[in-house]
Colleague: 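Pasting a structure here, questions to come.
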Amino acid sequence: MTSGLWELVLKGIWVTVQLLVFSAALAAAVSFVVGIARTHRLWIVRFLAGFYTEVFRGTSALIMIFWVFFVLPPAFGWQLVPMWAGTLALGLTYGAYGSEIVRGALNSVDPAQREGGIALSFTPWQRLRLILLPQAVPEMIPPFSNLLIELLKGTALVSVMGMGDLAFSGNLVRLALQESAEIYTYILLIYFVIAFLLTRVMRGLEKKLKAGLGRVPEGGGKKLPVPRPETTAVGAEAAGGR
């Protein structure tokens, strides 16, 4: 490929990365707000959060992009640029999936932890911030990592709006060179490299969070040594009494 075509591909990579960052930030915010709302004590809050989740999980991300870009603007008299239309559609859609991850992780915390917070007279916000989230967030990282990879692949859908992302730029290069196999192989490899880097980052984050709780992620890290009974104060006292 010529330098001009490679420049087009690089611009496409940059647009894809920008879209991924913006939509992932929106999806994360939606995930936590809706996921926490689904564990709320008021039924109306749980109902509204559940309704949102079911609507966005049950609709196509591609059709949602069409709806946000072509249907929503005329109704309000303004037009979204493709970047923000894609961010809004993808963020809201994948945020609905992420909300189930948050809800499941919060519900997996030992009920005794909640009862301990109540016994200490913590407010619901304090129990959430100091007890539930620190234990639940590390468990969210692996499924969030998978969701982030799915979001990366979902960014290719914005090419239907004529947005110059990696998929759109790759198709332009293919048309210019009339070479499908080579160009699409390059595009596949680029998506794989980005996904691999994201996986490594999320894995490192998981290890760091679990280390903060004194836990070691499965399949990695050093195990903490188990003290022998005679090396502990209770064990030494018992040994001395024999």
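What's counted below: heavy atoms across the whole structure, side chains too, no hydrogens, waters or symmetry copies.
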Colleague: Transitively linked via ILVMFWY side-chain contacts under 4.5 Å: Val21 with Val201?
Modeller: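 Result: no, two separate clusters.
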Colleague: Please enumerate all residues that pass side-chain hydrogen bond (donor to acceptor under 3.5 Å, both in side chains) together with Glu179, with sequence neighbours excluded.
Modeller: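 Partners of Glu179 under the side-chain hydrogen bond (donor to acceptor under 3.5 Å, both in side chains) test: none.
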Colleague: How long is the span from the CZ atom in Phe192 to the CG atom in Leu152, to the nearest 0.5 Å?
Modeller: 12.0 Å
Colleague: Looking only at atom types and distance, does a side-chain atom of Gln135 sit under 3.5 Å from a main-chain N or O of Ile131, one as donor and one as acceptor?
Modeller: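 Yes.
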Colleague: Just jot down the ring pair (Phe, Tyr, Trp, His ring centres under 6.0 Å) partners of Tyr52, sequence neighbours excluded, or say none.
Modeller: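 Testing Tyr52 for ring pair (Phe, Tyr, Trp, His ring centres under 6.0 Å), a comparison that skips the adjacent residues, returns Phe56.
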Colleague: Do you reckon Val173 sits in the same ILVMFWY cluster as Leu188, going by side-chain contacts under 4.5 Å, direct or chained?
Modeller: no
Colleague: Cluster question for you: counting only ILVMFWY and a side-chain heavy-atom cut-off of under 4.5 Å, with indirect links fine, are Val33 and Met140 together?
Modeller: no
Colleague: State the CG-OG1 distance between Leu19 and Thr155, to the nearest 0.5 angstrom.
Modeller: 5.5 Å
Colleague: Does Arg46 reach the main-chain N or O of His40 with its side chain, forming a donor-acceptor pair under 3.5 Å?
Modeller: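 The answer is yes, because a donor-acceptor pair under 3.5 Å joins these two groups.
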Colleague: Is any side-chain heavy atom of Ser145 less than 4.5 Å from a side-chain heavy atom of Arg203?
Modeller: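 No, too far: nothing below the 4.5 Å cut-off.
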Colleague: What pair of heavy atoms forms the shortest contact from Pro138 to Leu209, and how long is it?
Modeller: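 Closest approach of Pro138 to Leu209: CG-CB, 3.9 Å.
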Colleague: Flag yes if Val55 and Val34 sit in one hydrophobic cluster, no otherwise; membership is Ile, Leu, Val, Met, Phe, Trp, Tyr, and two members link when side-chain heavy atoms are under 4.5 Å apart.
Modeller: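 Yes, Val55 and Val34 fall within the same hydrophobic cluster.
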Colleague: What are the two closest non-hydrogen atoms of Ile183 and Gly170, and how far apart are they?
Modeller: CG2-O, 3.4 Å
Colleague: Can you see which heavy atom on Ile141 is nearest to which on Met202, and at what distance?
Modeller: CG2-O, 3.3 Å
Colleague: Under the side-chain contact (heavy atoms from CB on, under 4.5 Å) rule, what do Ile65 and Phe70 come out as? Steps first, then yes or no, please.
Modeller: CA-CA 8 Å; Ile65 290 174; Phe70 295 110; over 6 Å; no
Colleague: Do Leu62 and Met83 belong to the same hydrophobic cluster, where Ile, Leu, Val, Met, Phe, Trp and Tyr are linked whenever their side-chain heavy atoms lie under 4.5 Å apart, directly or via other members?
Modeller: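 Linked within one cluster.
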Colleague: Taking all atoms of both residues into account, what is the closest heavy-atom pair of Tyr97 and Arg57, and its distance?
Modeller: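 Reported closest heavy-atom pair: OH-O, 3.4 Å.
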Colleague: Counting C-beta onward and ignoring hydrogens, is there a side-chain heavy-atom pair between Lys210 and Glu139 closer than 4.5 Å?
Modeller: yes
Colleague: Say you draw a straight line from CE of Met163 to CZ of Phe168; how long is it, rounded to the nearest 0.5 Å?
Modeller: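 Output value for this atom pair is 11.0 Å.
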Colleague: Would you say the side chain of Thr39 lies within less than 4.5 Å of the side chain of Leu128, judging by non-hydrogen atoms?
Modeller: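 Not in contact.
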Colleague: What closest approach, in Å, do Arg38 and Ala49 show between heavy atoms, and which atom pair accounts for it?
Modeller: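 Heavy-atom minimum between the residues: CG-CB, 3.5 Å.
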Colleague: Using the side-chain contact (heavy atoms from CB on, under 4.5 Å) rule, take Ile13 and Val9 through it: C-alpha gap first, then chi angles, then the decisive distance, then the call.
Modeller: CA-CA 6 Å; Ile13 295 174; Val9 172; 4.3 Å; yes
Colleague: Nearest 0.5 angstrom please: Ile194 CD1 to Thr199 OG1, how far?
Modeller: 11.5 Å
Colleague: Would Leu175 and Asn171 satisfy side-chain contact (heavy atoms from CB on, under 4.5 Å), going step by step from the backbone distance to the final call?
Modeller: CA-CA 6 Å; Leu175 293 174; Asn171 192 50; 4.2 Å; yes
Colleague: I'd like to know if the side chain of Ser169 and the backbone of Leu166 have a donor-acceptor N/O pair within less than 3.5 Å.
Modeller: no
Colleague: Taking all non-hydrogen atoms of both residues, which atom of Leu90 and which atom of Gly154 are closest, and how far apart?
Modeller: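 Between these two residues, the closest heavy atoms are CD2-O, 3.9 Å.
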Colleague: Mind checking the OG1-CG spacing from Thr16 to Asp165? Nearest 0.5 Å is all I need.
Modeller: 4.5 Å
Colleague: Kindly write out the residues that satisfy ring pair (Phe, Tyr, Trp, His ring centres under 6.0 Å) with Phe32, not counting sequence neighbours, or none if the list is empty.
Modeller: none
Colleague: Would you find a donor on one side and an acceptor on the other, under 3.5 Å apart, between the side chain of Glu54 and the backbone of Phe51?
Modeller: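 A pair under 3.5 Å: no.
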Colleague: Once rounded to the nearest 0.5 Å, what's the spacing between atom CG of Leu20 and atom CG of Leu148?
Modeller: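 One finds 5.5 Å between CG of Leu20 and CG of Leu148.
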Colleague: Using the rule given for side-chain contact (heavy atoms from CB on, under 4.5 Å), can you reason through Val71 versus Phe66, listing the C-alpha separation, both sets of side-chain angles and the distance that settles it, and then say yes or no?
Modeller: CA-CA 7 Å; Val71 178; Phe66 282 144; over 6 Å; no
